[in-house]
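Presented below is the structure to which this report refers.
Everything quoted here is computed from the prediction, not taken from an experiment. Below, all heavy atoms of this structure are taken into account, side chains as well, without hydrogens, waters or symmetry copies.
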Amino acid sequence: MDGDSDDSDPILQLRKVLKQLTSSRESIQHATKIMLDHPEDSEELFELLMKRLKKVAVKRRLAFFYLVDSVCQVSKIKQQSFYKDIISRHLPDILILVIPEEEGDPRDKSLLAVNKVLGLWKERKIFEPETIKRAARSIDLSDPGSTERAMQEEVLRKMEEWRREHKRQRWENALRPLHDPEDGNFSDYWDLFTENEARKEENNFDSHKQSPMRGKRRRLEGDGEYTGLHSSVTTTSTTTHSSPPPPPPPSSLS
């Protein structure tokens with residue numbers, strides 16, 4: 001009985017299909033057929049689609065936009081207008097839900113797909129041009145239906161900007177000392193980082209024992225102070241009554 005009820009009730013049919021909706025042609029066509037075969041329930045069916053669109057994960061929402069596109073284009077072929085009127089009123093809301101808010105690859109890919117569909121709608125006169133422009137403005141798409149190549153170039157440019165900004169933020173997080181506030185100046189952290197690295201190199205160099213073939217450092221006797229490989233040796237004289245004066249430095253260092 002329950003199975004027969006599901007088969008006869010378009011609301012239950014569509015709810016079941018939308019739970020498993022994918023971007024495959026078979027899945028989109030199945031959902032489209034249910035919606036178009038029951039024009040008397042068009043308002044309820046579209047309301048169900050919108051409720052489900054709001055609930056699903058962002059990565060799945062593009063499939064729902066393809067369903068909207070399929071309903072629009074098949075309605076145009078069949079010369080049915082009931083879904084056109086409903087969708088035109090809600091088109092900006094649909095696009096806002098479909099396009100991820102966060103910058104990155106998922107948003108850029110969704111923009112490419114949406115732009116392509118809007119271009120087809122403009123070309124095939126699915127909606128009035130002003131309706132398409134109004135919807136496109138809701139997702140900051142200035143030229144809906146622009147050529148795919150131009151859109152790809154724009155998306156690639158934005159992706160590069162996003163990657164560069166993401167890389168800069170990673171550097172900031174890596175260089176920021178744990179005890180410093182998060183709103184510190186990045187240049188200050190960079191200077192601190194380079195200073196620390198230079199100090200590490202200096203310490204490693206001072207503690208490194210070179211081989212005799214590369215000029216072994218010699219331990220200076222008396223009160224001699226070694227100031228560097230290429231620096232002079234300075235000595236501080238001390239007066240004692242029992243100790244002889246310190247021997248002269250080796251001839252190789254004179």
Side-chain angles (χ1 to χ4, degrees), residues 1-100 106-139 141 144-146 148 151:
M1 294 291 295
D2 292 340
D4 294 339
S5 177
D6 289 352
D7 292 340
S8 60
D9 189 340
I11 303 296
L12 296 178
Q13 291 181 48
L14 186 63
R15 180 180 291 115
K16 183 178 180 179
V17 171
L18 292 181
K19 287 182 179 179
Q20 302 175 345
L21 186 69
T22 67
S23 298
S24 68
R25 178 176 298 181
E26 180 181 1
S27 181
I28 297 297
Q29 287 179 344
H30 187 189
T32 301
K33 187 176 187 305
I34 295 174
M35 296 184 69
L36 293 180
D37 284 351
H38 301 278
E40 69 281 1
D41 297 316
S42 58
E43 291 281 356
E44 291 79 4
L45 292 172
F46 180 79
E47 182 179 355
L48 175 60
L49 186 155
M50 289 296 294
K51 287 182 178 179
R52 190 63 186 172
L53 174 60
K54 295 175 182 178
K55 290 182 178 180
V56 299
V58 176
K59 63 182 180 181
R60 289 191 56 204
R61 292 181 181 179
L62 195 57
F64 284 77
F65 180 68
Y66 290 148
L67 173 57
V68 171
D69 172 49
S70 177
V71 170
C72 291
Q73 301 222 40
V74 175
S75 296
K76 176 74 171 180
I77 295 173
K78 292 186 174 184
Q79 297 182 344
Q80 298 175 345
S81 61
F82 42 90
Y83 275 114
K84 176 183 177 180
D85 298 336
I86 298 173
I87 293 174
S88 63
R89 296 197 305 266
H90 295 86
L91 193 53
D93 297 330
I94 294 173
L95 296 187
I96 291 173
L97 289 170
V98 170
I99 303 298
R107 174 181 173 84
D108 295 332
K109 291 178 181 178
S110 297
L111 278 173
L112 277 174
V114 168
N115 179 72
K116 186 174 183 179
V117 171
L118 294 181
L120 290 174
W121 288 355
K122 182 190 296 185
E123 178 184 341
R124 298 173 184 178
K125 299 180 180 179
I126 303 296
F127 294 104
E128 297 298 324
E130 185 56 36
T131 300
I132 297 176
K133 290 181 179 179
R134 176 171 54 88
R137 286 195 296 268
S138 67
I139 55 173
L141 196 60
S146 58
E148 187 172 355
M151 185 64 182

When you compare the side chain of [Y] with that of [X], does any pair of heavy atoms fall below 4.5 Å?
| X | Y | result |
| --- | --- | --- |
| H30 | E26 | no |
| I126 | K84 | no |
| L21 | R60 | yes |
| L45 | D41 | yes |
| V58 | P106 | no |
| R52 | M50 | no |
| K16 | L12 | no |
| K109 | L62 | no |

Which heavy-atom pair separates [X] from [Y] by the least distance, and what is that distance?
| X | Y | answer |
| --- | --- | --- |
| R134 | S88 | NH2-O, 3.3 Å |
| V71 | I87 | CG1-CD1, 4.3 Å |
| A31 | V17 | CB-CG1, 3.8 Å |
| S75 | L36 | OG-CD2, 3.4 Å |

Exercise for the section: Can you label the angle between the W121 ring and the F127 ring as parallel, tilted or perpendicular, going by 30° and 60°? Expected result: perpendicular

Out of curiosity, [X] [atom1] to [Y] [atom2], how far, rounded to the nearest 0.5 Å?
| X | Y | atom1 | atom2 | result |
| --- | --- | --- | --- | --- |
| L97 | F65 | CG | CZ | 12.0 Å |
| R25 | Y66 | CZ | OH | 12.5 Å |
| S110 | I139 | OG | CD1 | 9.5 Å |
| K54 | I94 | NZ | CD1 | 10.5 Å |
| T32 | L14 | OG1 | CG | 9.5 Å |
| F64 | D69 | CZ | CG | 15.0 Å |

Practice task
Tell me, with the steps shown, if V68 and L53 meet side-chain contact (heavy atoms from CB on, under 4.5 Å).
Solution key: CA-CA 11 Å; V68 171; L53 174 60; over 6 Å; no

Problem - Step-by-step side-chain contact (heavy atoms from CB on, under 4.5 Å) determination, L67 to L18 - result: CA-CA 10 Å; L67 173 57; L18 292 181; 3.8 Å; yes

Problem - Sidechain N-carboxylate O distance under 4.0 Å for E47, K51 - result: yes

Output yes when a side-chain donor or acceptor of [X] lies under 3.5 Å from a complementary backbone atom of [Y], and no otherwise.
| X | Y | answer |
| --- | --- | --- |
| R61 | V56 | yes |
| S24 | S27 | yes |
| S138 | I96 | no |
| S42 | P39 | yes |

Exercise for the section: Assess whether atom CD of E40 is packed by more than 12 heavy atoms of other residues, nucleotides or ligands within 6.0 Å. Expected result: yes

Problem - Pair K76-E123, salt bridge (charged side-chain N to carboxylate O under 4.0 Å, His left out): steps then yes or no - result: CA-CA 13 Å; K76 176 74 171 180; E123 178 184 341; over 6 Å; no

Exercise for the section: Carefully, step by step, assess E44 and R15 under the rule salt bridge (charged side-chain N to carboxylate O under 4.0 Å, His left out). Expected result: CA-CA 11 Å; E44 291 79 4; R15 180 180 291 115; over 6 Å; no

